[in-house]
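Written below as structure tokens is the structure these notes are about.
For this chain, numbers begin at 1 and follow the sequence in order. Everything numeric here is computed off the predicted structure, so don't read it as measured data.
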Amino acid sequence: MREGLFSVIMPTFNRAELLPRAMDSVFKQDYRPIQLVVVDDGSSDDTTAVVESWKNKNAADGFELIYHKQENAGAGAA
């Protein structure tokens, strides 16, 4: 673990159209190092493609995006 690392966990389910705005909000924070963990609770929309596209466009030092997809288990599990 990096010294001073701040982690944001963002659960999602079939909200691909909202994810870029939410991820931008975390990315625009001045604090670094920051880690965004997107937990996809079994989405059947374009969530994976949206996250990967956003990640490719927003690579930056001090910012890490981790994407985890699991079978649908409900908000509490995500």
Side-chain angles (χ1 to χ4, degrees):
M1 185 183 309
R2 289 181 286 172
E3 178 86 19
L5 178 65
F6 186 85
S7 297
V8 177
I9 301 171
M10 185 179 295
T12 188
F13 178 71
N14 288 338
R15 294 289 182 254
E17 72 279 359
L18 300 176
L19 275 174
R21 184 174 175 200
M23 292 186 293
D24 284 345
S25 177
V26 176
F27 185 75
K28 290 177 181 176
Q29 300 303 309
D30 292 333
Y31 185 87
R32 294 290 187 265
I34 193 165
Q35 173 186 69
L36 172 59
V37 181
V38 177
V39 181
D40 181 353
D41 192 33
S43 294
S44 58
D45 63 1
D46 293 331
T47 295
T48 301
V50 168
V51 171
E52 291 301 321
S53 175
W54 187 95
K55 183 177 182 179
N56 291 336
K57 292 177 188 173
N58 293 285
D61 287 337
F63 187 89
E64 178 182 9
L65 173 64
I66 297 171
Y67 177 66
H68 173 76
K69 185 166 185 170
Q70 64 185 32
E71 287 189 32
N72 184 263

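When all heavy atoms of L19 and V50 are compared, the closest pair comes out as CB-CG1, 4.3 Å. When all heavy atoms are compared, the tightest approach of L36 to M23 is CD2-CG, 3.6 Å. The nearest pair of heavy atoms linking A16 to D45 is N-OD2, 3.1 Å. Closest heavy-atom contact between S25 and Q29: O-NE2, 2.9 Å. Scanning all heavy atoms of the two residues, the minimum distance from N58 to F27 falls at O-CE1, 3.3 Å. Here the closest non-hydrogen pair linking N14 and S44 is OD1-N, 2.6 Å.
Here E64 contributes atom CD and S7 contributes atom OG; the two are 8.0 Å apart, rounded to the nearest 0.5 Å. In this structure, CG on D40 lies 12.5 Å from CE on M10, to the nearest 0.5 angstrom.
With 3.5 Å as the limit, one finds a donor-acceptor pair spanning the side chains of D41 and Q70.
I34 and V37 fall into different hydrophobic clusters, defined by Ile, Leu, Val, Met, Phe, Trp and Tyr side-chain heavy atoms under 4.5 Å apart, directly or through other members. Note on L65: it clusters hydrophobically with Y31, by side-chain heavy-atom contacts below 4.5 Å among ILVMFWY residues. The cluster map of Ile, Leu, Val, Met, Phe, Trp and Tyr, joined by side-chain heavy atoms under 4.5 Å apart, puts F6 and F63 in the same cluster. Hydrophobic clustering (side-chain heavy atoms under 4.5 Å, transitive across Ile, Leu, Val, Met, Phe, Trp, Tyr) groups V8 together with V51.
Contact annotation: the side chain of W54 approaches that of D24 to within less than 4.5 Å [non-hydrogen atoms, C-beta and beyond]. The closest side-chain heavy-atom distance from Y67 to T48 is below 4.5 Å.
Around atom CG of N56, more than 12 heavy atoms belonging to other residues, nucleotides or ligands sit under 6.0 Å away.
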